[in-house]
Amino acid sequence: MDFYRQVFLRKVSENMRKKDESPLFEAVSEYYEKNTSDAQNYFSRYEAIKERITFYKNKVMSDLPNYLIDFELRISSAGAKVIYAEDAAHAAEEVKSIIGDSSKVFISRSDILDELNLYRALKGKGVKLSRIGVGEFPYSILSETTQKLLRRLSGELNMEEMPNDTETVISVYKRKLLNEMFSDSIAITGADFLVSDSGSVVMVENDGVRNMLSSFCRKQIVLAGIDSLIPSFNELEYFTSMLSAHAYGCPHAWNQLIINGPRKTGEIDGPEELYVVLVDNGRTGILKKAFQRSVLNCIHCQACTALCPVFKYVNAFDGTPLVGPLNCITDPIKNGFQESGFLSFACTLCGKCSQICPSGINFQELILYNRKESVENDAVFSIRRKQMKILKRMLLKQKSLHSAYNRFVLKFDFKKDFGQQKEFPDFSQKSFRMLWLERHKETEG
Ligand code: SF4
Ligand code: SF4
């Protein structure tokens with residue numbers, strides 16, 4: 001556990017230092033702050049839509065196997081192949097076996113692909129990948145600065161000199177990509193929603209990358225968490241509009257793609273072969289938790305990560321998968337409380353994430369359940385538990401709390417928890433009881 005905790009703390013402190021050098025940190029927060037406050041004005045009954053999302057997600061989660069079977073039957077009968085992947089390694093293996101020896105493989109950026117670290121996993125298996133799009137969310141821009149992006153793109157184009165003009169590079173790059181996509185190519189994308197009663201794969205985006213890949217590549221591999229499922233096509237609009245509003249700042253993102261299977265005879269675009277990889281990766285474990293399972297209602301708008309006062313400084317710059325309020329709940333359950341339980345304690349319980357979440361997830365409550373489990377699983381640091389026991393003993397006895405030695409020990413033990421920015425408060429010389437007795441004596445006298 002300590003190793004991950006150390007990495008986490010190092011990342012926070014490094015990024016806190018970088019934050020002063022880059023206005024982008026605050027720009028990302030401002031972007032999401034504006035989106036989430038505007039979102040309430042786009043819908044005349046915002047709270048009612050939130051409730052509907054929660055209701056439909058709970059409905060799916062309470063009968064997930066049947067909804068998954070319905071989805072699979074429908075999309076398979078349209079000609080797609082559905083594969084179940086237990087975890088990230090399994091998903092990478094399945095994707096690799098579909099790719100085979102193909103050398104024209106395009107991968108977009110998406111939440112689920114980041115979660116699985118699929119780009120790195122496939123690179124590790126020797127797959128030559130073109131990662132296209134700078135990403136749909138401002139975090140991707142943070143992790144890939146303009147200079148870095150230009151260097152990468154001009155490198156891939158074999159340009160001898162790196163031009164300073166972003167537009168030239170990007171337009172040459174797009175032309176090159178389109179030419180390559182028209183030949184025998186494979187697209188790897190994530191999906192935002194899967195619709196059970198219509199067997200549809202839905203993607204919502206502004207940059208149009210997944211739309212382009214789905215239109216022009218011969219094979220498409222779509223990855224989706226099993227929690228992306230929604231019950232029926234009739235409710236799809238609630239989900240797409242809430243996602244668009246929170247993630248892109250408009251109630252209808254520019255590209256909303258619905259795929260019901262591979263290309264049919266007579267259709268002019270779309271993949272000839274479609275594979276849908278349904279990813280578990282710890283989700284069934286979360287589903288078993290009576291309280292924490294509501295975290296699977298998330299529609300992945302990333303607003304909570306961008307606005308959390310703790311986690312907004314954890315992400316960015318190095319392009320590793322995002323960590324946010326969701327991970328405070330999911331990671332300890334997926335990886336074990338011993339390894340990732342500390343994430344539940346990183347939260348300050350400020351409530352910002354619950355306030356802005358379009359899926360109505362009550363984070364503070366879920367985080368407290370996780371903390372309780374951490375303690376029950378003995379995953380809280382043993383030193384901290386000993387400290388708490390000593391503190392409890394001291395606080396329960398007036399006499400011991402007044403001892404100068406005890407006060408010194410308390411201050412010494414807890415001072416570092418206050419950090420360098422705050423002063424540890426001095427103990428009052430007199431307890432409430434002492435003051436009360438004094439006043440009582442004075443009145444009697
Ligand atoms: S409640 Fe915790 S996880 Fe949520 S925004 Fe506040 S600090 Fe972040
Ligand atoms: S938990 Fe809520 S705010 Fe956070 S990404 Fe999911 S839907 Fe968005």
Side-chain angles (χ1 to χ4, degrees), residues 8-9 12 15-16 25 28-29 31-40 43 46-47 49-58 60-61 110-112 114-115 135-140 190 192-193 204 224-225 227-230 238-249 253 283 286 292-315 321-333 340-371 374 419:
F8 176 81
L9 292 175
V12 176
N15 285 345
M16 284 293 277
F25 268 112
V28 172
S29 296
Y31 170 86
Y32 275 99
E33 195 72 70
K34 184 169 182 320
N35 288 359
T36 51
S37 75
D38 286 352
Q40 319 220 354
F43 308 100
Y46 179 80
E47 288 302 324
I49 298 178
K50 250 172 94 166
E51 276 172 29
R52 277 183 181 236
I53 285 186
T54 311
F55 172 78
Y56 290 121
K57 281 295 234 176
N58 286 343
V60 171
M61 292 308 154
S110 193
D111 238 32
I112 182 76
D114 279 350
E115 175 192 322
E136 299 157 35
F137 297 102
Y139 271 121
S140 316
D192 294 307
F193 303 107
V204 181
D227 55 331
S228 322
L229 214 63
I230 64 165
Y238 297 127
F239 290 87
T240 54
S241 53
M242 280 297 242
L243 173 60
S244 299
H246 287 78
Y248 306 115
R283 286 165 174 78
I286 298 171
Q292 293 98 317
R293 66 189 292 176
S294 65
V295 78
L296 297 176
N297 291 354
C298 168
I299 57 169
H300 301 279
C301 69
Q302 290 192 358
C304 56
T305 303
L307 295 176
C308 167
V310 176
F311 286 97
K312 68 177 176 182
Y313 297 120
V314 180
N315 302 295
L322 297 181
V323 183
L326 278 171
N327 303 76
C328 287
I329 300 156
T330 57
D331 285 15
I333 301 174
S340 305
F342 73 90
L343 279 172
S344 306
F345 292 87
C347 161
T348 63
L349 299 177
C350 72
K352 181 78 180 174
C353 48
S354 311
Q355 189 197 334
I356 46 94
C357 176
S359 306
I361 298 171
N362 185 337
F363 277 91
Q364 300 103 294
E365 199 176 80
L366 306 189
I367 286 167
L368 287 175
Y369 278 116
N370 261 22
R371 289 187 184 179
S374 285

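Atoms within a ligand are numbered from 1 in the order they appear, just like the ligands themselves.
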Quick check: does any side chain N or O of Asn327 sit under 3.5 Å from a backbone N or O of Gly324, one acting as donor and the other as acceptor?
yes
Compare every heavy atom of Leu349 with every heavy atom of Arg371, then report the nearest pair and how far apart it is.
NH1-CD1, 3.7 Å
With no hydrogens and no angle check, just 3.5 Å: does a side-chain donor-acceptor pair link Ser340 and Asp331?
no
Which of parallel (below 30°), tilted (30 to 60°) and perpendicular (above 60°) describes Phe239 and Tyr56?
tilted
Could you please tell me which protein N, O or S atoms lie under 2.8 Å from atom 2 (Fe) of ligand 1?
Cys347 SG
Would a distance-only check, ignoring hydrogens and angles, find a side-chain to backbone donor-acceptor pair under 3.5 Å from Asp111 to His300?
no
Spell out, as yes or no, whether a donor-acceptor pair under 3.5 Å connects the side chain of Lys50 to the backbone of Met242.
no
Under 3.5 Å, side chain of Arg293 to main-chain N/O of Met61, donor-acceptor pair present?
yes
Distance in Å, Asp38 CG paired with Phe43 CZ, rounded so as to fall on 0.5 Å steps:
11.0 Å
Protein-derived N, O or S atoms sitting under 2.8 Å away from atom 6 (Fe) of ligand 2 total 1
Distance in Å, Cys328 SG paired with Phe311 CZ, rounded so as to fall on 0.5 Å steps:
3.5 Å
